[in-house]
Structure formats: structure tokens, C-alpha cells
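Data first, discussion second: the structure below is written as C-alpha cells.
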Amino acid sequence: MPIHHELATAVQQAIAQAQKSGDLPPFDLPDAHVERPRDPNHGDYASPIAMQLARVARMAPLKIAQAIAAHMSPHTAVHSVEVAPPGFLNIRLNSTWLQQQVSEILQNDNYGGFNLGQGKKAQVECVSANPTGPITLGRSRGGVMGDTLARVLRALGYDVTMEYYYNDAGRQVTLLGESVKIRCQQLLGQDVALGEEHYQGEYIIDLARALLAEHGEALLAQPISFFVDYAQAQISAAQKRSLKRINIEFDVYFREQSLYENGRVWETLDILRQKGYVYERDGAQWFRTTEFGDDKDRVLVKQSGEPTYRLPDIAYHWDKIQRGFELIIDIFGPDHHATAPQVLMGVKALGYETGFVYTVLHQIVSLVRRGEQVKMSTRRGMYVTLDELVDEVGPDPIRYFMVSRSGNSPVDFDLDLAVEHSDKNPVFYIQNAHVRCAGILRKWHEAGLTIEAATNADLTLLTHEKELAFLRKALELAEVLETVGTTFEPHHLPFYAYELAAVFHPTYEACRVLGEDVPQPLRLARLQFYLAAKKLFARVLTLMGMSAPEVM
RNA sequence: GCCCCUGUAGCUCAGCGGAUAGAGCGUCGGCCUCCGAAGCCGGAAGCCCGUGUUCGAGUCACGGCAGGGGCACCA
């Protein structure tokens, strides 16, 4: 159990004890929690519980706090529990215990993680781009957010499946096939033109060229499905390669088509109809979303007899639930902000509670170069792809900047900043902390010394306030992971990483290791400290899908 | 017209109902005979407006004002 939970429990037990002994009147035990005071002078953790209890206990908050403090049982981590007006309970950690975090970090490969999820099956669905073109920046953001969430949820004891949903059944893929065929015809000198709705991108011509090289002119006799299958296979393979470049890999690629093959789509419609949520109008099948608060009903099946995307989307979520996921997270870009709630309405209509299904929305990504927004237009295929961005800035800045703000804020991806090797660039600022640790260890080895020499170091020598501040910050990782894993807002992690580096660098300046004026026992202790710091930075960077370089 | 998101320092953003609102950039001023200055130290500067809920509001509710995005029988 992480320390902030232990302390909260301790507070709660103290309240119960105080009630037992009559120092506090009886009332239902609240959920106590501890938080970090803004001002470190107030202690390492604080609880405002006494103020919250004032009403039910009908006592002055200060008196309540005193009663709780008096009944706190001793804890190895706790140095003192103080009461401060108007009723705060301030807890200070024991520095001996804090120093032991060094060995805790070194021994525990899941430092900061804890078993919040208890092995529950969780699914993160993200990217889910149609297999009709390269991965765009918006989809990349969703992917980075989803992958970061998945990594955090695994650290928190969830059994996570990363899933990618393919729309391989709709009109879009037919258009894709037609686009490729037309390009083939053009390459063969035929006078045909792409329609307005066809895919305009250069990559379509490349596909056509490759097809022609393989099959020659005879391929024009093939049905459109031939072109569809070929293009889809090529494009989805390319999408996977692109995503892998930024360390995103999926466990399951779920094909929309499979929901038609196994009858799930029509089964879903039947059930919705049986439950009275479907009616016919103008030759189409409508879903009574107004019963769930929507401002108008929505079409499930078009006049043509083809389903809209909604029906398979609902069927897909039904399938997810039947596969036993207890936590479902859907990550949607701005183009899905309006449709996300409709899927949930579908799930409700099927008879499920939707409390365990979360939709995480994010805003757009735009590129900034030399302080100016780069113009992008999806029409004409004039957008910047993930591959182009990776080519230009590399994976790490993408991983960092795509999650470095709340999903509710748009991302302005600054191309100049992303590659700038300076203190302005938070990516290098964080990675440099790891590099600096590595540098100390390298120098140590170069001097012919081994790490083993330091394993019995006396950690209680780590008394410098900056060293202790770093260890306090290390402790905060558990809180950050919990926040990310319960709010599904991954941006807290890069902020934490930055703060951790901001606590580290002054420590590095102040707490030298190899200098001749450092006494040997302290040197050994600090060596352990920097070994732990290195491991912690590597851990945090890995949780963000970033690399932890030894040199830069 | 309807829906979603946003409004915090000159700029870009954190801030999970708690104590004196934090960073980065920019700006002003310092620090390399010393493990990576890709770093450190210090200064100036801020919650869109109103009403309400609360012991306590940047945070919650309602109403304004302003900006962004979305409103297909496309996905």
C-alpha cells in the first residue's frame, strides 16, 4: 500500500479510536484522505478531515484535530503529527524511513505502482484509424494518451488490453479500393479522374504502382474487393510500423467486418428493437436516443439498408462487455466528441450500466514552426503524418508533447522546440537528469570501482535537504499514478517527470559524489542515491514510452 | 440554433473543495580551476464578470461575456 493510503488509513483508525475512548462523539466514519500541503513547512502530508467533521461531530475543528492526533498510533514512516489552525492535521515523515526509499526504489521494479486494479481486465481503445491512409497527428495524440494510460494501468495492477478498432466494413474502404483502381487506370494511360470523395494522397499512387508492378494490366479485371483488400493490408501494415516507431503496439486489432460475419450487428439491432428503442421512419431505422437525453433521434440503418457507423459501434461495445472487460476506456479525438455519448446510450439501451465505460476526449493537434501555425488541410491529403513528424523530431518529443497537456486543451506542437537541445526543451531537461546519473556511474566505473562496493552504504548519511526533497518527490509517483489511473488524464505524468527533474538538478549541483572533499561513507551513500535516481527516471520515462539515454 | 471544450503572469500551460495560486518561455540580474552549463541561484508580474452553495471556491452550480471545435441516412 502506498504511503499516502497508509496515512489515510491511520487517520481513519485514529478517529475510530478517539470515538471508542469518548474523545470524539459517534458518527459514521468518513473516507479520510491526505494531501500534500502547498507549503512544505506544513509537513509532508496534511489532512483537512477535522474541518469536514466539525458539523457531524458538533465540535470545534481544532479540538477534533487534537483528538485525532492524540490517538494516532505510531508508524515507522511518521515523525510527527501536528495540529495547526484552523484544524489541519499535519504529518511529517521520518527521515530514516525516507532514506530507505533509496533501497526501495532499487529493489522494487514497480516502484510507485500498487495493486489498485487487482487484476481486473481493462481495455484501452485508441487510434482506431481507418485503414485508408497514414496515421495523422490527431490519431497519434490519442495513441500516445492511450498507450501512456495503458502503461500506468498495468503499473496499477490492471490486466490491460490495448485495442485498435478497424472500420473495414463501410463506404470508406470501398472508396479506398476505387481510388487505387482509378490510379492504376491512370498509370496505364486511361482517361479517368478521381472523384471529390476519393482519397487524394500520394500514397494511393504508390500503392497503384506497386500493384501494377506485381500484376500488370490484367489486374483491372479484378473486382473492387481485390483493390480494397490489397490497399487495406498495405496501409494497416504501414500504420502499425508508424505507431511502433513511437513505441505503441496493440494487443488486439478488432475488425468491424467481424461483427457482420458473426451476426453481431443485426443481433444488436434486434435487441434494441425488442427493447422498444428502434422505429422506422422514411425507410430508415431510428434509435430513440432522445430517451437518453439526446436532442434528436439518430439513424441506425439507412434507407439503403446499410447501417450507419453507430450500429456497429454499439455492437462493438457490446462485444467488449461480453469479453469481460471491467474497465473500458475509449479515446476519441475532436471529430468524435458528438458521437461518443451516443455509443454509451446504445450500451445503456442494451441493458448495461455504463459506469465502467469511460470516454476520454482530446482536442486537436496543430504544428507550430517559427512561431507560426503550419497550415494543414485533410482535403488534398495536405496533412502532416506521424511518420513525417517522427522523421523530423524523433519519437521522444512526440511522446512527451502529445501527453503534456490536458486532453481538453489543444496541443500546439512546436517543431523548433521539439528538437532544440537546450534547457528550454523539457524532454531534454528530464532525460538529462538520467544522463547526469549515468555520468556519475560511468566515472565511478572508469575509476575501476564497482557498484557492489556501495551496496552496504549507510543511507542515513543522506541528510542533505535536497536529497530528502528528492526522495519526497519520488514518493509522489504513487499519487500521480493513482491520479492518472482514476481520472484517465495522462498529462499528470509528464508534469510529474518535469517536477522530478526540477528537484533533481539542484540536488546534483549541491550533492557531489566523486569530489575529493566527499567523505567515503557519504560517497557510497550518494552513489546509491544516484543509482536509485537513475532507475526512477528510467522508470518514469518508460511509463511515458520514452527512452532513457545514457549519453546525449 | 443545438452540443462539447476553454478562459489563471506579456506568451504557453499545471493546479485532484483546503493554509501565502505554481511551472516553463520571455524579461531583468548573478554562477563553470568542481561528477555533462542540455545545469544552478535570485527579481518583477496573474485567477474573464456576476450571483449562489460551503466553515472554506481558481476548483462546484446557475447566468453572462469572449475564444476554439463539432452538429451526415460519412467514420
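Convention: sequence-line order gives letters A, B, ...; per-chain numbering from 1. What you see is a predicted model; the values in this text were computed from it and never measured.
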For a quick check of understanding: with a heavy-atom distance under 4.0 Å over all strands, which category does [X] fall into, base, sugar-phosphate or nothing?
{"X": "A:Tyr508", "answer": "base"}
{"X": "A:Ala54", "answer": "nothing"}
{"X": "A:Phe495", "answer": "sugar-phosphate"}
{"X": "A:Val551", "answer": "base"}
{"X": "A:Cys511", "answer": "base"}
{"X": "A:Arg436", "answer": "sugar-phosphate"}
{"X": "A:Asp335", "answer": "base"}
{"X": "A:His505", "answer": "sugar-phosphate"}
{"X": "A:Asp282", "answer": "base"}
{"X": "A:Thr483", "answer": "nothing"}
{"X": "A:Asn41", "answer": "nothing"}
{"X": "A:Gly439", "answer": "sugar-phosphate"}

Just N and O in the side chain of [X]: are any of them under 4.0 Å from OP1 or OP2 of [N]?
{"X": "A:Tyr45", "N": "B:rG18", "answer": "no"}
{"X": "A:Arg171", "N": "B:rC74", "answer": "no"}
{"X": "A:His336", "N": "B:rG69", "answer": "no"}

Look for any protein N or O under 3.5 Å of an N or O in nucleotides 2-7 of chain B and output each such pair with its distance, or none.
unit_1, atom_1, unit_2, atom_2, d
B:rC2, O2', A:Asp295, OD2, 3.1
B:rC5, O2', A:Gln363, NE2, 3.4
B:rC5, O2', A:Asn408, O, 2.7
B:rU6, OP1, A:Asn408, ND2, 3.2

A:Asp44 and A:Arg92 ion-paired at < 4.0 Å: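 No, no charged N to carboxylate O under 4.0 Å.
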Under a cut-off of 3.5 Å for both distances of each Watson-Crick or G-U pair, what dot-bracket string does RNA chain B give, using [ ] for crossing pairs and | for inter-strand pairs? (((((((..((((....[...)))).(((((.......)))))....(((((..]....))))))))))))....
Please confirm whether the backbone N or O of A:Ile430 pairs with a side-chain atom of A:His434, one donor and one acceptor, at under 3.5 Å?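 Flag not set: sc A:His434 to bb A:Ile430 has no pair under 3.5 Å.
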Side-chain donor/acceptor contact of A:Arg405 with base of B:rG24 under 3.5 Å: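 By the distance-only test, no, there is no pair.
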